[in-house]
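Take a look at the structure below.
Below, chains carry the letters A, B, ... as their sequence lines are ordered, and counting in each starts from 1.
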Amino acid sequence: MLNAVPLPAVLTLAAALFCIGLFGALSRRNLIGVLMGVELMLNAVNINLVAFWRYFEPRYITGQTFAIFIIAVAAAEAAVGLAMVIAVYRHYVTVNADEVDQLRG
Amino acid sequence: MEVVVQVVFGLIALFILVAAAMVVSVRNVIHSALWLIACFFGVGALYLLLQAEFLAVVQVLVYVGAVSVLILFAIMLTRQISGEGVRQLTSRWPVVLVVTVLLFATVMAPTLINQQWNVPPAPPLGTPEPIAGPAELGRGFVNEFLIQFQVVGVLLTVALIGAIVIAFEERARRRRVLTLAEELELKRLRERATQTETPEPVEAEPVARETRPASEG
Amino acid sequence: MYDMLAALINGALGWGWPEWALNLLSYILIVTIVLVVAPLQMLFFTYYERRVIARMQDRVGPNRVGPEGIWQPIADGVKMFTKEDIVPQAADRIVHFLAPCVVVAPTVLMFAVVPWGPGMVPVDLPTGLLFFFAISSISAVGLMMAGWASNNKFSLLGAMRAVAQMVSYEIPAVLSLIAIVMIVGSLSINEIIAYQTGLIISNRDLPGIPDLGLGWFVFTPVGFVAFIAFFIAALAEGERTPFDIPEADSEIVAGYMTEYSGMKFGLFYLAQYVLNFLLCAITAIIFFGGWQGPGVGWLYAQGITPDNPNGNGLFNVLAGVLGVFYFLLKTYIFFFVMVWLRGAFPRLRIDQLMDFGWKFLIPLTLANLFSAALWVAFTRWGPAEGMLITVGWSPVLRWLAAFVVTLAINLGVYLWLTRVYAASQAERRRAELEELSAAA
Amino acid sequence: MTASPFEIEIPRGRVIEVQRDDTRVRRGGGLLRGMAVVWKHWKESFKLNRSYSQIHGTFTIEYPEERPRIPEAYRNMPILLYDDETGHELCTSCFQCERICPPQVIHMTQAKDPATGKPVPAVAEFIIEYDACMSCGFCAEVCPFDAIKMDHEFELSTDDHTQLTVHKEQLLRPISYYAKIAPTMWAEVRESALKKLQGNIRRRPDVIGLAPQLTEKIAARRAELAAQAAQAAAAAPVAPAAAPAPAEGRKLTPEEKAAKLAAIRAAKAAQAGESATPAEAAPATPSPTPAGEAAPPADKAAKLAAIRAANAAKKAAAGEAPATPPAAPDASAAETTPSAAPPSDKAARLAAIRAANAAKKAAAGEAPATPPATPAGGTAADAPADAPPAAPPSDKAARLAAIRAANAAKKQQSGDGS
């Protein structure tokens with residue numbers, strides 16, 4: 001792996017994935033679509049962390065540890081985010097971000 | 001052997017990128033979520049290729065097994081599934097596209113101008129390389145990263161409680177599931193409201209207070 | 001498998017094949033065996049379940065096709081194959097088609113880490129147990145796809161129920177397994193089996209116990225509680241009867257399988273029975289020593305092993321046969337228990353199911369986790385880890401202390417939780433009745 | 001806590017919560033108790049249980065090999081009964097069953113006397129749609145003549161849906177069959193049913209109300225008799241000739257009609273004939289009437305004979321006139337035999353056949369055929385002294401004779417005319 005695939009290739013993949021995720025998070029109207037974009041971005045970050053861990057210091061656990069923390073945070077974010085989506089839907093009967101524009105319920 | 005690894009990496013990368021592109025571009029939200037799951041799988045495969053076995057398994061366990069199921073559940077609970085005839089992207093999506101492409105270019109610049117990463121030389125093929133596995137990870141969590149580990153634990157607990165509190169509905173205030181007739185009535189009311197531009201007072205129905213159309217496209 | 005092939009082809013036959021060819025051949029062989037064994041187990045299980053449940057209901061069961069009806073599953077399979085494959089008009093065709101594949105593939109993949117006998121494991125992953133559960137959670141996605149793509153309210157309801165149930169009961173299942181993982185100190189399934197040597201008490205906990213392959217975890221308080229919790233969770237994950245809410249045929253036709261016919265339905269069926277087999281197998285492996293049993297260890301020690309390259313290959317075969325026999329015997333007994341429960345109990349309501357999972361099983365397994373930590377502390381820790389009480393105790397005393405302490409904790413928690421749970425259920429029922437009377 | 005039993009009214013209905021007496025916390029003991037029950041059933045299920053009062057043990061009956069004893073009152077699908085001895089159906093087409101049938105699957109038409117056009121207490125066609133029948137048994141209960149009963153046969157599956165629309169021929173079963181499957185139930189009604197049947201038989205002219213199935217039985221019996229009477233040389237050629245004919249005589253109603261038509265035609269021909277012919281035709285016409293009472297299925301043969309006779313007559317008409325003189329003695333022979341000994345009509349038939357043959361021959365131009373005919377008639381007349389038990393079939397002979405006579409008369413007439 002190390003000899004076959006250079007580190008920049010993995011990093012390029014991660015960057016592309018991050019940008020696609022960012023596009024999704026910024027341009028989607030559906031709140032769940034936005035959350036999915038965020039998940040993509042978090043995955044891209046994880047790929048980066050793992051790649052750096054593997055190429056630089058495979059015998060230490062820092063990279064993997066951070067990746068696991070990010071996975072945990074992502075899970076928490078998904079849970080809270082989706083709970084909020086459901087709450088918003090209950091209140092506004094829509095999950096489109098640009099229609100949720102009333103401060104008074 | 002190297003060629004095999006390169007081909008495999010290329011396939012995985014292509015798979016991840018295509019799946020991610022489908023996630024943000026597909027109209028149907030469910031399809032989008034399914035592509036997201038495919039993307040998670042691709043990332044898990046990449047972890048395997050990077051010899052982060054434990055992480056790959058955790059990726060499948062958490063993302064595929066839990067997060068994606070959560071997303072699917074949320075989509076089905078909000079009943080905005082098919083997305084036919086509904087605009088899925090905001091009106092300013094070209095701007096966003098330009099911004100993301102610019103960002104990608106910025107990130108790629110160092111690579112393009114041949115930045116040296118000073119990657120330590122890999123050991124020759126065949127020699128066993130000490131790689132941190134699950135045992136080392138576990139040890140790290142209770143020594144080096146104890147505080148962080150605790151914080152993540154607290155965060156997860158708080159998120160759990162918070163999610164419950166946010167999505168919680170008291171028994172008495174639980175919204176009745178609308179019948180088809182009621183939904184049609186609601187839709188009719190909304191259409192009338194947009195035509196006259198003067199929202200009529202809608203009586204009694206709490207969900208009918210929303211006078212904007214559910215869809216514009 | 002690689003070792004055996006290498007010994008056979010390069011050793012006995014002297015063909016001198018290169019390493020990659022041997023590797024390829026061994027993988028292909030393993031995959032073939034797994035892919036053949038999985039459906040065969042499913043076929044046998046359908047027949048087995050029908051015969052056993054029939055006996056429990058004072059009937060005879062299928063006994064027409066072949067001697068004692070043993071070819072009944074084959075006849076059913078032929079029927080499935082020849083049935084028309086119907087896709088509803090309003091269905092999402094691609095997702096509808098993919099769903100059974102997504103459900104079946106993980107169940108077959110899970111075979112990859114299941115050891116059948118001494119030295120007979122397709123892949124010995126260091127994270128085998130985690131792999132097992134990670135893969136099993138994929139099929140939830142397949143169920144969701146099936147339910148949604150069918151465009152049928154019963155399908156969707158069934159899928160939501162199935163997924164909610166699977167996700168909820170994965171937590172107690174994994175928590176109860178983690179207690180064992182803590183004691184063993186490894187996620188490798190082979191390691192877990194290797195730990196369960198001895199007689200009632202594990203060799204590792206108490207060196208000097210004669211090895212009869214009976215040092216199963218179920219004989220310890222931690223293991224017993226974990227076993228009960230895991231088995232209940234396995235029932236829920238395998239959608240076995242007390243928890244067969246997702247396909248409650250009296251309520252929602254056939255759940256997520258409603259709109260499937262022919263071989264696609266057959267695939268769902270296959271996935272379900274293979275999953276049941278695997279859950280029984282993993283129960284047998286984790287808590288009942290898998291292939292461990294009287295004689296296997298001794299036989300295997302005489303054979304060719306990494307430690308003993310000069311052994312006799314015949315003993316390998318004998319140990320393998322005996323190990324597979326023990327393993328399958330235990331697995332089939334657990335499946336018998338599953339059928340027994342199906343014969344004994346009616347289906348739960350979804351709220352009862354959720355209550356039981358979240359309010360009873362998870363606290364119980366958490367307490368069990370604490371017990372497991374105490375077990376490790378008493379049996380293995382010394383002053384270096386800060387365990388000062390046990391300094392100078394003999395292994396027997398330490399084991400006894402661990403046993404008593406964990407037993408007391410688990411028993412106490414169990415008794416307390418049952419009381420709390422019963423009280424909460426009574427309270428809930430009271431609230432519902434009050435609400436009902438208020439509505440009236 | 002609310003008092004038990006808790007009871008409230010909600011919009012959807014009444015809610016009653018039953019507090020079970022035992023609300024102790026069992027801590028899993030209840031589950032184990034339930035499992036113990038099932039375990040006991042499993043353990044005991046390896047024993048066979050045939051007592052029905054035991055709850056343990058397998059009481060499966062392996063169906064195609066073993067069959068349960070079906071209780072007498074079991075009812076599956078309705079059937080019609082006919083009397084074994086006389087062959088008469090019990091049904092009088094009173095329409096009671098058709099009226100009461102809840103899914104309205106019973107259909108019938110009443111038989112009519114073809115001569116007078118008046119309804120007869122018998123059924124011409126009776127159809128039950130088994131596919132829609134719900135086995136309620138109302139028809140059997142309401143039937144005043146005990147003609148319709150519920151069968152025990154339940155293996156009715158077929159891959160042809162139309163087969164489940166069942167006609168009279170398939171519905172008919174002899175009384176002995178029903179007496180076998182439901183002895184006590186039949187014994188209760190036997191007297192009255194048979195009495196009513198006797199009453200009805202008297203009101204049924206001709207062959208109306210006869211079970212078509214009986215034809216076979218009669219054929220068999222006749223063959224037997226023929227074998228017994230083998231020493232009578234004259235009887236020998238008749239039996240094989242008569243035997244094959246009824247075999248195909250199952251669906252008979254149209255054929256019956258044909259036979260009758262032939263008879264009527266003969267009678268008319270006779271009437272239209274010369275003054276000599278009425279004398280011959282006179283004995284011919286009454287003969288079917290008693291025949292109808294006694295035995296049904298012979299009519300096919302009758303028809304055959306009629307047709308044959310007609311053919312002969314035609315030929316004769318086309319042929320020479322000299323045929324007429326020899327025909328006269330034949331006719332007289334036919335005339336004398338039935339009047340002399342009605343039961344021994346077999347002989348009469350024989351004679352008639354001979355006569356017909358003779359007539360044919362005569363038509364072909366051979367006058368000498370006549371002398372042997374009379375002796376043949378004479379021998380036949382005394383040969384079937386043991387024939388009376390075979391009374392049912394013999395009316396056929398009578399009819400045949402009549403028809404032949406009629407034909408002969410016709411022939412004569414046409415011959416005279418030409």
Side-chain angles (χ1 to χ4, degrees), chain A residues 1-5 7-8 11-13 15-17 19-24 26-30 32-33 35-37 39-40 43 47 50-51 54-56 58-61 64-65 67-69 71-76 78-80 82-87 89-90 92-95 98-99, chain B residues 2 5-6 9 13 16-17 20-21 23-24 29 32 36 43 46-47 49-52 55 58 62 66-67 70-71 74-75 77-78 80 88-90 93 96-97 100 103-104 107-108 111 117 119 122 129-132 136-137 140 145 148 152 155-156 159 162-163 166-167 175 207 210 212 214:
Chain A
M1 175 73 201
L2 295 189
N3 298 318
V5 182
L7 178 60
L11 296 187
T12 310
L13 171 64
L17 189 60
C19 289
I20 293 174
L22 185 66
F23 174 76
L26 291 182
S27 67
R28 277 239 157 192
R29 284 176 77 218
N30 193 321
I32 296 169
L35 270 176
M36 286 195 268
E39 293 294 338
L40 284 182
N43 263 282
I47 291 178
V50 175
R54 183 66 190 88
Y55 280 85
F56 282 99
R59 78 186 61 204
Y60 302 110
I61 55 163
Q64 282 205 57
T65 314
I68 284 174
F69 285 156
I71 288 176
V73 171
V80 175
L82 291 170
M84 283 171 71
V85 169
I86 289 169
Y89 177 74
R90 247 182 230 150
Y92 294 96
V93 204
T94 180
V95 286
D98 47 2
E99 290 169 18
Chain B
E2 286 194 357
V5 173
Q6 277 162 0
F9 175 79
I16 291 174
L17 291 181
V23 171
V24 296
V29 192
S32 178
L36 183 72
V43 175
L46 191 64
Y47 290 161
L49 202 61
L50 287 164
Q51 286 170 296
L55 213 54
V58 167
V62 173
V67 171
L70 209 59
I71 289 173
I75 293 170
L77 285 177
T78 51
Q80 293 255 325
Q88 284 299 322
L89 299 181
T90 50
W93 69 270
V96 177
L97 186 63
T100 46
L103 179 71
F104 185 64
V107 173
M108 285 306 290
T111 310
W117 284 100
V119 174
E129 199 184 355
I131 289 180
E136 285 78 15
L137 263 178
F145 296 100
Q148 292 90 325
V152 168
L155 173 72
L156 277 176
I166 291 169
R175 190 167 59 87
V207 283
E210 161 69 36
R212 291 170 61 95

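For B/V23, the parts lying under 4.5 angstrom from a heavy atom of chain A are both the backbone and the side chain. Proximity to chain A (any heavy atom under 4.5 Å) is shown, for B/A66, by neither the backbone nor the side chain. Both the backbone and the side chain of A/I47 come within contact range of chain B, each with at least one heavy atom under 4.5 Å from a heavy atom of that chain. For B/L36, the part lying near chain A is the side chain, with the backbone staying farther off; criterion is any non-hydrogen pair under 4.5 Å.
Rounded to the nearest 0.5 Å, atoms CZ (B/F104) and OG1 (A/T12) are 6.5 Å apart. Distance check: B/L103 CG to A/F23 CZ gives 13.5 Å after rounding to the nearest 0.5 Å. Rounded to the nearest 0.5 Å, atoms CD (A/E39) and CG (B/L70) are 9.0 Å apart. Annotation: the span from A/L26 atom CG to B/L97 atom CG amounts to 11.0 Å, rounded to 0.5 Å. Rounding to the nearest 0.5 Å places CD of A/Q64 at 10.0 Å from OH of B/Y47.
When each of A/L22, A/V73, A/T65, A/L40 is checked for heavy-atom pairs under 4.5 Å with chain B, A/T65 comes out on top. Highest contact tally toward chain A, considering only B/L137, B/L17, B/L156, is held by B/L137 [criterion: heavy-atom pairs under 4.5 Å].
Nearest heavy atom pair, residue B/V107 against residue A/A15, reads CG1-CB, 3.7 Å. For the residue pair A/A67 and B/L55, the shortest heavy atom distance occurs at CB-CD2, 3.5 Å. Pairing each heavy atom of B/A21 with each of A/I20, the nearest pair is N-CG2, 3.9 Å. The two residues B/A163 and A/A79 make their nearest non-hydrogen contact at CB-O, 3.8 Å. The minimum heavy-atom distance between A/A78 and B/V67, with the atom names listed, is CB-CG1, 3.9 Å. Of all non-hydrogen atoms in B/G140 and A/I61, the two that sit nearest each other are CA-CD1, 3.3 Å.
By the 6.0 Å contact criterion, CE on A/M84 is open, its count of non-hydrogen atoms from other residues, nucleotides or ligands being 12 or less.
For the side-chain contact (heavy atoms from CB on, under 4.5 Å) with A/N43, the lone residue among B/V43, B/I16, B/L46 that qualifies is B/V43.
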**Prompt:** Does the side chain to side chain contact (heavy atoms under 4.5 Å, CB included) test come out yes or no for B/I71 and A/L35, once each step is laid out?
**Reply:** CA-CA 9 Å; B/I71 289 173; A/L35 270 176; 5.7 Å; no

